Amino acid sequence: MDIKAMRHSAAHIMAEAIKELHPNAQFAFGPETQNGFYYDVEIPGGSLTNEDLPKIEKIMKKIIKSKTPFHHRDVPRDEALELFKDQKYKVKTLNSLLKDEQSVSVYTQNGFVDLCRGPHVENTGNIGAFAMDKIAGAYWLGNAENEPLQRIYGICFATKEELKEYKKLLEEAKKRDHRVTGKKLDLFSFHDEGAGFVFWHPRGLTLFNLMVDFIREGYRKLGAQEIRTPEILSEELWHRSGHYENFKDDMYFTEADERRYAIKPMNCPGSILIYKEKLYSYRDLPLRLMEMGHVHRFELSGVLHGLFRVRAFTQDDGHIYCMPEQIEEEIKRFVESVFYTYSIFGFDDVSVFIATRPDQSIGSDEEWENATVALKNALEKNGVEYGIKEGEGAFYGPKIEFNVKDCLKRNWQLGTIQVDFSMPRRFDLEYVGSDSARHAPVLLHRAILGSLERFIGIYLEHVAGALPAWLAPVQAVVITIAEGQNEYARKLSEKLVGKGLRVETDFSPERMNKKIRNAQLQKIPYMIILGEKEVMDKNLSVRLRTGENINGITVEEFVDSVKEIIKNRSDTLWPE
RNA sequence: GCUGGCGUAGCUCAGCCGGUAGAGCAGCUGAUUUGUAAUCAGCAGGCCGGAGGUUCAAAUCCUCUCGCCAGCUCCA
């Protein structure tokens, strides 16, 4: 059965139910979604509330039970205008989107008529499992200047089992919320004094820095050299780069000595200034620079969301200056690096897209065409399958996007590599070719994780806070059973720290059980339990976070095993 | 930014058709010295996000403001 048709049909049934409750309800659009459907409605002089959802659901069930057929017919536009004369949004649609159509498609069930292209299921009985979900605000045509509407969401699946599974995933996602994990594991916080700005706590910053180390290592392997550029640069620079006219509303500005400055929302202009420091030969290219660039963007208050959407973040931002014929090779190397990096984090389901020219953009048609073809060629020659995202490129050039699926099957866009012919021209970038003439290099913008902050949020949810040994801010905690072992524990801990491990001790006057519980809640990978026995035998009893016990090993055996796990960036805690 | 909801102890939350605040956990103190996810008891802790207003009286009602949450829109 076509799940899309089913969900879309469910939207019609919901509309019929709403019309039963509110005969004068005005319906806008009601499409299917990834997990169900919604319908945008306006209740003249009133509104729907959460209490209405069960009522709607009840009526929908009745309609489904009736197994009423969906009738399809094509009617002339004039007739449709008459038919929908009481539905102002349908009339608007007929007079805009469908204004050139001779006849339009109409579906009817139970006397409820809707302007709709279809397709639909045969009858209302063909709806699998559904549930009303929530009510949210929306606007006609998604524009806040237009009429406010209410978007009524439902979820719908072919079977009850799938619906149940989906609800379980939602619950699981709620449990894994990185904002909660961040608080519980004492990683980061947010404060009213700076909405959208992350405060990294000691443990969170340890994680952050370990991530940075790993990314740096990857970029080094790609032959990139790290730079750092200022966060405040003159406003004029941003006019030149084109960022000002495209994003001035989303930028922070400041002033000093009567000169206007912008807090950088992007790293490329800074990198470009370094490139312009000297004249490069074609032999120097590709020149690969990278920067852990801290950028500020004045995001709308309503979009802020934990680490996912912040107003200041760190990009693993790379800029490659190369000749056009080098693009393919650079993309090839980058793609390999991206897949490798994601696999280390346990993201094995990666999809690739090419995003093409958006409405608001700079550069000539020819440049866009060339750049887009270059991206396609690079992917095709490397056997990478990809989809197309029409009009979703950057304003200066097309891009390849890398999406991963996490363990809850949610999609996240992470990495990107973008071809840019525009910026080099705007900044008069040059290199001397083998023909002794000066040419403009191509600029490739690339990022593997995109935003470190956002990636950490995604990853925390992916692993539910249980960080692998190589990333755990505290790798092991030494837990004593009685005070008598504290001195020995202190020495042991110091020894382990000396070996390069991140180890803490728990000397709190609590029982061992409580200390273990606390360590478990902190998701610390290794708990070293010290009692009289271990002190006597000079060996260790290790409890893994998974609950498994490794008893009677020497300190050396422990260190070697953990170091091997860390070196391999393994997601298991103990060697096989 | 827009629509709707929310803001009470360090944390999670109760109290809210008005009569100046409560629980659990965490913290502190004392007792307990304990073998793989919470020992017991006591103590302390809050200008109820901020500013105005209504009222004899405001955590509770109203206005504004800041922040958070769910969406919309946006994302170089």
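A, B, ... follow the sequence lines: proteins, then strands. Residue 1 opens every chain. Fair warning: this is a prediction, and the values are worked out from it, not measured in the lab.
- Counting only Watson-Crick and G-U wobble pairs whose two key distances fall under 3.5 Å, RNA chain B forms stems of three or more stacked pairs at B:1-7 with B:66-72, B:10-13 with B:22-25, B:27-31 with B:39-43, B:49-53 with B:61-65.
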With ring-ring contact (aromatic ring centres under 6.0 Å, His included) as the test, would you mind laying out the steps for A/Phe313 and A/His294 before giving the verdict? CA-CA 6 Å; A/Phe313 59 97; A/His294 194 236; 8.2 Å; no
Under-3.5 Å N/O pairs linking protein and nucleotides 26-32 of chain B:
from, atom 1, to, atom 2, distance (Å)
B/A26, OP1, A/Lys514, NZ, 2.8

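- Separating the P atom of B/A26 from that of B/A38 is a span of 12 Å, rounded to the nearest Å.
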Protein heavy-atom contacts under 4.0 Å, written 5' to 3' over nucleotides 69-76 of chain B as B (base), S (sugar-phosphate only) or - (none), form the string SSBBBBBB
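- Looking at heavy-atom distances under 4.0 Å, A/Glu534 makes contact with a base.
- Within the 4.5 Å cutoff, side-chain heavy atoms of A/Ile362 are placed close to those of A/Arg426.
- Here A/Asn513 does not reach the OP1 or OP2 of B/U36: none of its side-chain N or O atoms lies under 4.0 Å away.
- Distance CD (A/Gln150) to P (B/G5): 11 Å, rounded to an integer number of Å.
- A heavy-atom distance below 4.5 Å is not found between the side chains of A/Ile263 and A/Met251.
- As judged by a 4.0 angstrom heavy-atom cut-off over every strand, A/Ser241 is placed among residues making no nucleic acid contact.
- When rounded to the nearest whole Å, the span between CD of A/Glu193 and C1' of B/C68 equals 14 Å.
- In summary, the aromatic rings of A/His462 and A/Phe347 are positioned with their centroids under 6.0 Å apart.
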